[in-house]
Amino acid sequence: FTLMAWVRRDGEGVEAGTGNGGIRHVPLVTKGRGETDGTTADCNYALGFVGEVLGADFEDMDTGGNHPVIGATPLDRGRWYHVAATYDAARRASGRRAERLDDATPRYDSIQHFALGTAINSTGGRAGAFHGALDEVRVYGRALGEAELVATMYSSTPTQSGLLGHFPLEASEGQVLDASGQGHHGDATAAGFVSPGPV
């Protein structure tokens, strides 16, 4: 899978956790949070800030174990960055700065909720809060290569196969609309729209 977004961090935010052996992070793009390891209430995946660097994690189907990876490059506050995490069943990376060899099947039956800027468990309970701005959030059901990430980062109309969710986060929408055609629309809660964005 691939998680990607434009991100501008403006403040500290509030951390959430991904479970035993996982990460404590200020959430950016998540499908769940630490709840019940080894069950369908596992955290599916998470991308966020661990301190001043990026971190990513997922839990696996076999053991419910976490597979965290932590970046090495601090990201300045108040500045836009394009961030991404990919997993291709043999190698996982957070941006181009951290990498870990791994061989696990990510949990694909999680009943936890997808969220931007927070993490939500299976009952709708929230944890963590991002303080900043997000734009052009995308979720792919496959690992995009570096050339694909670079080719699409400035486009608001991605064409790569495997796109499961595309959230342009346009103020004119008034809510969180999914432009991928998959129909994963949502509501903006305790959030507002800002401009200008990065692209």
> At their closest point, which heavy atom of Asn44 faces which heavy atom of Phe58, and how far apart are they?
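That closest heavy-atom pairing would be O-CB, 3.2 Å.
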> Might you point out which heavy atoms bring Trp80 and Ala133 nearest each other, and give the distance in Å?
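Shortest heavy-atom separation between Trp80 and Ala133 comes out as CH2-CB, 3.5 Å.
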> Indicate yes or no: at least one non-hydrogen side-chain atom of Tyr45 is less than 4.5 angstrom from one of Phe114.
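Side chain of Tyr45 against side chain of Phe114, heavy atoms only: contact under 4.5 Å found.
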> Can any side-chain N or O of Trp6 pair as donor or acceptor with the backbone N or O of Val83 at less than 3.5 Å?
no
> Would Asn121 and Thr123 count as having a side-chain donor-acceptor pair, cut-off 3.5 Å?
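Checked: Asn121/Thr123 side chains pair up, N/O donor to acceptor below 3.5 Å.
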> Can you tell me how far NE2 of His131 sits from CZ of Phe49, rounded to the nearest 0.5 angstrom?
12.5 Å
> Is it true that Leu144 and Leu164 fall in one hydrophobic cluster, defined by side-chain heavy atoms closer than 4.5 Å?
no
> Closer than 3.5 angstrom, by distance alone: can the side chain of Gln112 be matched with the main-chain N or O of Ala41 as a donor-acceptor pair?
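Flag set: sc Gln112 to bb Ala41 pair under 3.5 Å.
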> Below 4.5 Å, heavy atoms only, C-beta onward: do Glu52 and Arg9 meet side chain to side chain?
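Side-chain contact under 4.5 Å: yes.
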> Using salt bridge (Lys or Arg N to Asp or Glu O under 4.0 Å) as the criterion, point out the one residue from Asp62, Asp60, Asp57, Asp42 that pairs with Arg107.
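The single option meeting the salt bridge (Lys or Arg N to Asp or Glu O under 4.0 Å) with Arg107 is Asp42.
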> Going only through I, L, V, M, F, W and Y residues with side-chain contacts under 4.5 Å, is there a path from Met4 to Leu169?
no
> Could you report the tightest heavy-atom contact between Asp76 and Tyr81, atom names first, then the distance?
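Answer, listing the atom of Asp76 first, then Tyr81: N-OH, 3.0 Å.
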> Are the charged groups of Glu59 and Lys31 less than 4.0 angstrom apart, N to O?
no
> Identify the heavy atoms of Pro27 and Phe130 that sit nearest to each other, and give their distance.
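Closest pair (atom of Pro27, atom of Phe130, distance): O-CB, 3.2 Å.
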> Roughly how far apart are His82 NE2 and Asp135 CG, rounded to 0.5 Å?
10.0 Å
> Atom CG of Leu3 and atom OG1 of Thr86: how far apart are they, to the nearest 0.5 Å?
9.0 Å
> Name all residues meeting the side-chain hydrogen bond (donor to acceptor under 3.5 Å, both in side chains) criterion together with Ser110; count only those two or more places apart in sequence or in a different chain, and write none if there are none.
none
> Out of curiosity, does Leu54 fall in the hydrophobic cluster containing Leu116 (side-chain heavy atoms, cut-off under 4.5 Å, transitive links)?
yes
> For the atom pair CG (Leu134) and CZ (Arg8), what is the distance rounded to the nearest 0.5 Å?
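Going from the CG atom of Leu134 to the CZ atom of Arg8 covers 10.0 Å.
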> Considering non-hydrogen atoms only, spot the tightest contact between Gly78 and Asp10 and give its length.
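Nearest heavy atoms, Gly78 then Asp10: CA-OD1, 3.7 Å.
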> Who pairs with His166 by side chain to side chain contact (heavy atoms under 4.5 Å, CB included), at least two apart in sequence or on another chain?
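In terms of side chain to side chain contact (heavy atoms under 4.5 Å, CB included), with neighbours along the sequence ignored, His166 is linked to Glu136, Arg138, Pro158, Leu163, Pro168, Asp178, Ala179, Ser180.
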> Between Glu170 and Leu177, is any pair of side-chain heavy atoms under 4.5 Å apart?
no
> Is the closest side-chain heavy-atom distance between Thr2 and Glu148 below 4.5 Å?
no
> Does the side chain of Leu28 come within less than 4.5 Å of Val137's, by heavy atoms?
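In short, these two side chains do not touch, never coming nearer than 4.5 Å.
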> Can you find a heavy atom in the side chain of Ile23 that is under 4.5 Å from one in the side chain of Ile70?
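Yes, their side chains come closer than 4.5 Å.
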> Could you check whether atom CZ of Arg126 has more than 12 heavy atoms from other residues, nucleotides or ligands sitting under 6.0 Å from it?
no
> Drop me the distance from Arg33's CZ to His25's NE2, to the nearest 0.5 angstrom.
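Atom-to-atom, Arg33:CZ and His25:NE2 are 10.0 Å apart.
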> Please list, chain by chain and in numerical order, all residues satisfying side chain to side chain contact (heavy atoms under 4.5 Å, CB included) with Asn20, sequence neighbours excluded.
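If we apply the side chain to side chain contact (heavy atoms under 4.5 Å, CB included) test to Asn20, skipping adjacent residues, the hits are Asp37.
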> Check whether Tyr87 reaches the backbone of Thr105 with its side chain - one donor and one acceptor, N or O, closer than 3.5 Å.
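Absent.
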> I'd like to know if the side chain of Asn66 reaches the main chain of Thr18, judged simply by a donor and an acceptor atom lying under 3.5 Å from each other, with no hydrogens or angles considered.
yes
> Any side-chain heavy atom of Thr73 sitting closer than 4.5 Å to one from Val53?
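Not touching, per the 4.5 Å side-chain cut-off.
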> Say you draw a straight line from NE2 of His113 to OG of Ser122; how long is it, rounded to the nearest 0.5 Å?
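That separation rounds to 6.5 Å.
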> Side-chain contact test, heavy atoms from C-beta onward, threshold under 4.5 Å: evaluate it for Val26 versus Val14 and give yes or no.
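Heavy-atom side-chain distance check fails, nothing below 4.5 Å.
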